[in-house]
Structures are given as C-alpha cells and as structure tokens.
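What's counted below: heavy atoms across the whole structure, side chains too, no hydrogens, waters or symmetry copies.
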Amino acid sequence: MPAAIILSGAGRYADPWHQYGDTSAELLTLAHDDGWDVTIAEDIDRTLADGLDGIDLLIVNAGDSDQEPAEDPSLIERGRAQLAIAFERGISVLAIHNAASSLRDYPQFRSALGGQWVTGHSWHPPIFEIHVRLEHDVIVEGLGDFTVADERYTDLLTDKDIEPLASTRDKNREYILAWAHQYGTARVIYSSLGHNTASYASRGHKAFLLRALTWLLPRPVFADS
C-alpha cells in the first residue's frame, strides 16, 4: 500500500482562519479510501528534517509561517536537504488551499508547486458558491463540473508550465483554481479549494480530489497515466 503523510497546520503553520485539524481529517479519509496508508504530522519542520523515506505522497495542508521563524534553524537546513532527496526520487505532492503560502523556508517546495500566494497582491473574496469547471485533461477526464462553497483565491503567481485542471469564471474573468505541475520526476497537484470542512461536503470536489490522488499514485502502481 502506498504511503502518504499529511503536513497539517499547527504551531507556526497555524492561523486563526483555518481549522487544519478538521480539514486534514477529511483529507486523511479521502486518501485512505483511495488506498493510501496515511498519517498526519503537525510538527512540520521536524517531520521534514527527519526525512521522508518510504513516503510516496506529501499532502500539504498548512498555513503561512512567514511571520514566525523556526525555533531551531538547523531543522530547516536538514529539512531542505531531506526534501531535495525526496523530490529527486520523485515523491508526489498534493498541496491544498493555503499551502500556496506555506513552507516558505523550503524553496524547493515553491519550485515544485508551480505557483504561490503573494502577500499584498493575492487575495480572495468572502466564501461563496463557486461553479468549478474542469479542464479537458487526462487527469480529470470524465468528471463533471461541480459547485462548492469556498474561497476563490485570486491573483496567485503561477509559472508558465503549469497545467490548469479546474477554473471558474466571474464577470468575464477566468480564475485558475487547480493545476498540475511536473517537477523533475515528481508529480504535483495544487488545489486552491479546501478552506473548511464545508468544502469537502461537495461530492464533485471530493471526486476531483480522489482523481488527483489516483494520478499521484507511484508510477509502478499507476503507470499508464
């Protein structure tokens, strides 16, 4: 059974706006139902520093640590080295919602993600019902559009080589909500959805995440995609 670990926002990766414990529990259930052996880690810097040997998928569901430095800088240095090793061997990544502003001390994560939340530039309106349109791609082929009550992250900085997976339109403007990115041999999917547990009540959203998890399976298990 492939192994996944969820980095769940706590300590310097927590914030007043997100209940990471609750949403990480939703993600754990989804990944478990898709056939992953899943654990949750809240001591994020130490988890990365200890290495990701045996982990096939890194799920990042954590907040912005920019305002609070690490208590032990040596953990960051070890974590960077271990994350580089994991990416080199092709670990997969599923990054959720506020992960676009997380792990700022780990530049490899930003490179792998293919985009980021830029403080002072990126923003979102209040939660509302979003109509999500899935792009024509092998990853989401056969899935239907869906609605979800969530935040629409706006004006994220994205790299040119991302592959949009989901978008929405409002007032003649297109907003990318999720994308795939290849980082060396590592497969990465980022979804800006998932602010709270209400987001996971959407059947369409859960179906999208399950499809993402299947695509992120280790290639010997899911080699034809």
Contact summary for Ala186 and Ile91, nearest pair of heavy atoms: CB-O, 3.1 Å

Between Asp64 and Tyr13, a side-chain donor and acceptor under 3.5 Å: no

For Phe109, ring-ring contact (aromatic ring centres under 6.0 Å, His included) partners two or more places apart: none

All pairs passing salt bridge (charged side-chain N to carboxylate O under 4.0 Å, His left out) where residues 133-148 contributes a residue, at least two apart: Arg133-Glu174

Side-chain donor/acceptor of Arg211 to backbone N/O of Ile139, under 3.5 Å: yes

Aromatic centroids of His205 and Tyr200 separated by under 6.0 Å: yes

Donor-acceptor pair between Asn98 and Trp117 side chains, under 3.5 angstrom: no

Residues Asp34 and Lys206 bridged, charged N to O under 4.0 Å: no

For Trp36, all residues meeting ring-ring contact (aromatic ring centres under 6.0 Å, His included), sequence neighbours excluded: none

Between Asn61 and Thr23: side-chain donor-acceptor atoms closer than 3.5 Å: yes

Exceeds 12 heavy-atom contacts within 6.0 angstrom, atom NE2 of His121: yes

Between CG on residue Leu83 and CD on residue Glu88, distance to nearest 0.5 Å: 12.0 Å

Heavy atoms of other groups near His131 NE2, more than 12 under 6.0 Å: yes

Taking every non-hydrogen atom, the tightest pair across Ala99 and Leu113: O-CD2, 4.1 Å

Value rounded to 0.5 Å, distance of CG in Asp150 from NE2 in His97: 6.0 Å

Shortest non-hydrogen contact from Pro125 toward Thr154: CD-OG1, 4.0 Å

Asp56 vs Arg89, salt bridge (Lys or Arg N to Asp or Glu O under 4.0 Å): CA-CA, chis, key distance, verdict: CA-CA 10 Å; Asp56 302 295; Arg89 67 173 170 82; 5.0 Å; no

Donor-acceptor contact present, side-chain Ser122 to main-chain Asp155, <3.5 Å: yes

N/O donor-acceptor pair under 3.5 Å between His124 side chain and Glu151 backbone: no

Approximate separation, where rounding is to 0.5 Å, of Ile162 CD1 and Leu156 CG: 9.0 Å

Tyr106 and Asp45: side chain donor to acceptor below 3.5 Å: yes

Nearest heavy-atom neighbours spanning Gly35 and Pro2: O-CD, 3.5 Å

CD-CG distance between Gln108 and Leu48, expressed to the nearest 0.5 angstrom: 9.5 Å

Between His18 and Asn196, a side-chain donor and acceptor under 3.5 Å: no

Tyr175 side, atom OH; Ile130 side, atom CD1 - distance, nearest 0.5 Å: 10.5 Å

Arg110 with Asp159: basic N within carboxylate O range, under 4.0 Å: yes

Side-chain (Ser8) to main-chain (Ser24) donor-acceptor, under 3.5 angstrom: no

Partner of Tyr190 by ring pair (Phe, Tyr, Trp, His ring centres under 6.0 Å), out of Trp179, Tyr183, Tyr153: Trp179

